[in-house]
J.: 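Okay, here's the structure, questions in a sec.
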There are 2 protein chains.
Amino acid sequence: MSVSIRELAEKAGVSPGTVSHVLNGNTAARIAPATQDRVRRAAEEMGYRPNRMARSLGRRRTDTIGLLISGLKNPFFVEIMETAERLAMNAGYSVQLDSAPSINGTFGGHSKLSGWPVDGAIMWGIGSENIATYLEQQDSSIPVVYLGAARSGATDWVSFDYFEGGRLAMEHLIGRGRRRIALVSPYAFGEDRHEEPRHAAYMDACRRTGQTPNVLLTDAEETRQAGLRIAERIAALPAGERPDALFCHNDMIAIGVYCGLLRGGIRVPEDVAVVGFDGVVDGQFLERPLTTIRTSGEDLCRHAFDILSLRLRGDRETPPRQIVLPTELTIGGTS
Amino acid sequence: MSVSIRELAEKAGVSPGTVSHVLNGNTAARIAPATQDRVRRAAEEMGYRPNRMARSLGRRRTDTIGLLISGLKNPFFVEIMETAERLAMNAGYSVQLDSAPSINGTFGGHSKLSGWPVDGAIMWGIGSENIATYLEQQDSSIPVVYLGAARSGATDWVSFDYFEGGRLAMEHLIGRGRRRIALVSPYAFGEDRHEEPRHAAYMDACRRTGQTPNVLLTDAEETRQAGLRIAERIAALPAGERPDALFCHNDMIAIGVYCGLLRGGIRVPEDVAVVGFDGVVDGQFLERPLTTIRTSGEDLCRHAFDILSLRLRGDRETPPRQIVLPTELTIGGTS
DNA sequence: ATAACTGCACAAATGGTTTTGCAAAAGCAG
DNA sequence: CTGCTTTTGCAAAACCATTTGTGCAGTTAT
């Protein structure tokens, strides 16, 4: 058992309240320097650590932020996670991670969330069901910063300029003479995410260059395996009917696609060019680095944390911060 | 603000204690069915959720297990993490993740750990400093199951048969006629980890086949970047002085090595064979799947969790469980 | 002598759990 | 039916480990 504030108080010859005042640096309590010394010394000697449960209970805050993201199999989210962890630690917060298996995976009821209360949260804001479940468990008045998609209403969010990213990708492919570009996406048009800006950019570019849009769906998956399956379907087509370029919704899919194309005997980029999205490090460790639209998960998370810090410090009233971060074309060897 | 047990009790017309008994299914308290109904209904109506801090404080347990692992950039650890999360959730536990940036990265003092108390922990047992720091923060009497390395003393642990894995890798390479096999490892001999069984297996095989051992060190890193650098060094050698095979300490390194060799114009496996270790999914998404020694992070974690469950259920006295899991050679296209 | 200040103990509050105890109801022998 | 024991059902209180505001004795300043 660990040592309690009462034992420590006894050893230092003061009351528990005094210990608390000293150790929390409560200057309003005006504890004599000599007493402070005694308390601190005793705390050191006994290896006192305040019980975090009791402390949070009394203070009505946990010094913890929640991080709700969707599947660490995608290194993009690992980057966000590690950044959040780092920033939070430096600011004196802990992180409670709640990671859904996939972007569309549900937590299957609140029992699948950790359930620990947090002071605020950062969440990858796609699966609205997950968000609702999460907020239901938390005091719903905690500040939340959403990631990865523009949101309506007075919420704080940070996202990327996905439309511009899509435009960059399409421009690039078109500039390389591709005229039968297909989009590989987990999302069908008209579904819940019909506002997907990458789709819009794709459609836009098709229209401008007179191409017939061709969307290859991965059944809501965003994995390498899904990409692989898409590539197999493409490889099975007669050479004349194949797209000459694939704009993939993210790098995981693109990596699977790339790999599947090569295995199907299709040359990349000679026969089919491949462009991903996100700029995860994995894409740089193919024999040809993946052409991709780079986004910085670190920047994303940093901005989100800055906003959250602001709210946690009490600024609940200033207008919502809504940030759109730039994207950047990284030309690799697959296009 | 959320509703407290007192408010709920008032609404149901009972005392707070009774509410607690009902909601926790305390049969010893013999609450009349009708009263139970009333309480449950009121709880439902008011959306009551017990405050987890208060609950943990009173019960002296957190229903949370700690998971101390070393760097989710390596998908091997993601697999462990997700497994732990899943098993814990099903058993009614939450997971508090504490992830060091890398296997040798230090947390830099306890402020870098989340600091939330847990009922028990599973930890990847390499960095002894991290472990000490961690245990110092926790009630040191909590049960801990170590992962990934045999440990002395009466501790529970689960590991793989790394020596056998190393032997499999070396046999395989030797069977394919390789006679200038180098080991790529983050650990020098004689350092803190001089017991590293993969080294032992390597040395063993060298001795039996009369090869001169050749250990290429990555400066304690286990990343793709480190592997890439090793490959660059190899590519810079005159063809005659190059190893004809590389046995890499893990898949991350192997992927970097593979990639670097290709970019250096070296053919894999014709000029140099590459074998990894772990069997992470990333290795299967190179144009040639990586030959590797497959280990199941899921099995590892499952066993660890079983043991931890046992201890958490009160079995603290039975002899330590120490489990060594098998490894398996997966032949890909890089050897 | 009175007012202001100093330094700390004290106690209430946080939101639960769990043990104890007691009144009322039920069971049972006479 | 009475008087005793047992059982039932729940309130009450102690406890968990801390924070924080109040109050008060003792000291110093005016």
Side-chain angles (χ1 to χ4, degrees), chain A residues 1-40 42-43 46-64 92 115-119 137-139, chain B residues 1-40 42-43 46-64 92 115-119 137-139:
Chain A
M1 276 296 116
S2 57
V3 29
S4 78
I5 201 172
R6 240 167 291 269
E7 303 172 75
L8 172 53
E10 192 170 352
K11 168 140 182 175
V14 296
S15 76
T18 302
V19 170
S20 176
H21 287 132
V22 171
L23 264 32
N24 291 309
N26 180 350
T27 54
R30 300 165 324 209
I31 309 295
T35 311
Q36 297 204 20
D37 273 8
R38 242 183 320 133
V39 170
R40 270 189 259 273
M46 305 181 77
Y48 171 72
R49 269 171 207 298
N51 178 311
R52 224 167 150 176
M53 302 300 159
R55 174 179 261 241
S56 291
L57 189 58
R59 286 199 167 168
R60 267 162 302 256
R61 43 180 250 237
T62 59
D63 297 317
T64 297
W116 282 105
V118 296
D119 293 345
Q137 271 185 58
Q138 300 288 341
D139 182 334
Chain B
M1 274 294 120
S2 57
V3 28
S4 79
I5 200 172
R6 247 165 283 268
E7 303 172 74
L8 171 53
E10 193 171 350
K11 168 139 182 177
V14 296
S15 76
T18 302
V19 171
S20 176
H21 288 131
V22 171
L23 264 33
N24 291 312
N26 180 350
T27 55
R30 301 166 321 207
I31 309 295
T35 310
Q36 296 204 20
D37 273 7
R38 240 184 320 135
V39 169
R40 268 189 260 275
M46 305 181 76
Y48 171 71
R49 271 170 204 296
N51 177 312
R52 226 168 147 176
M53 303 299 160
R55 173 176 259 243
S56 291
L57 189 58
R59 286 201 167 166
R60 268 161 302 259
R61 43 180 251 240
T62 59
D63 297 319
T64 297
W116 282 104
V118 296
D119 293 344
Q137 270 186 58
Q138 300 289 339
D139 183 335

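Residue numbers start from 1 in every chain, and the chains themselves are labelled A, B, ... in the order their sequence lines are given, proteins ahead of strands.
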J.: Could you name each residue pair satisfying salt bridge (charged side-chain N to carboxylate O under 4.0 Å, His left out) that touches residues 5-25 of chain B, not counting sequence neighbours?
T.: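 Checked against salt bridge (charged side-chain N to carboxylate O under 4.0 Å, His left out) - neighbours excluded - the pairs reaching residues 5-25 of chain B are B/Lys11-B/Glu45.
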J.: Treating primed atoms plus P, OP1 and OP2 as sugar-phosphate and everything else as base, which nucleotides of nucleotides 16-25 of chain C get B, S or - for protein heavy atoms under 4.0 Å?
T.: BSBB------
J.: Looking only at side chains, do A/Trp116 and A/Thr62 share a donor and an acceptor under 3.5 Å apart?
T.: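 Distance-only check fails for A/Trp116 and A/Thr62.
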J.: So which pairs with a foot in residues 19-32 of chain A pass salt bridge (charged side-chain N to carboxylate O under 4.0 Å, His left out), sequence neighbours left out?
T.: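 Residue pairs passing salt bridge (charged side-chain N to carboxylate O under 4.0 Å, His left out), neighbours aside: none found.
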J.: Return the value, rounded to whole Å, for the distance between atom CE of A/Met53 and atom C1' of C/dA13.
T.: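 Distance check: A/Met53 CE to C/dA13 C1' gives 19 Å.
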J.: Hey, does the side chain of A/Thr35 come within less than 4.0 Å of C/dC8's phosphate (OP1/OP2), counting only N and O?
T.: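 So the side-chain polar atoms of A/Thr35 do come within 4.0 Å of the phosphate oxygens OP1 or OP2 of C/dC8, strictly under.
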J.: Is it the case that the side chain of B/Asn51 and the backbone of B/Met53 share a donor-acceptor pair, with hydrogens and angles ignored and the cut-off at 3.5 Å?
T.: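 Checking the backbone N and O of B/Met53 against the side chain of B/Asn51, a donor-acceptor pair under 3.5 Å is found.
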J.: Whole angstroms only, please: what is the CE-P distance between B/Met46 and C/dG15?
T.: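 Distance, rounded to whole Å: 13 Å.
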J.: How many Å lie between CG on B/Leu57 and P on C/dA13, as a whole number?
T.: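 My rounded result for the distance is 18 Å.
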J.: Rounded to whole Å, please give me the gap between CZ in A/Arg52 and P in D/dT18.
T.: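 About 13 Å, once rounded to whole Å.
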J.: Identify the heavy atoms of B/Gln138 and B/Val118 that sit nearest to each other, and give their distance.
T.: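 The pair with the smallest heavy-atom distance is OE1-N, 3.0 Å.
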J.: At their closest point, which heavy atom of A/Ile5 faces which heavy atom of A/Pro16, and how far apart are they?
T.: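 Nearest heavy atoms, A/Ile5 then A/Pro16: CD1-O, 3.6 Å.
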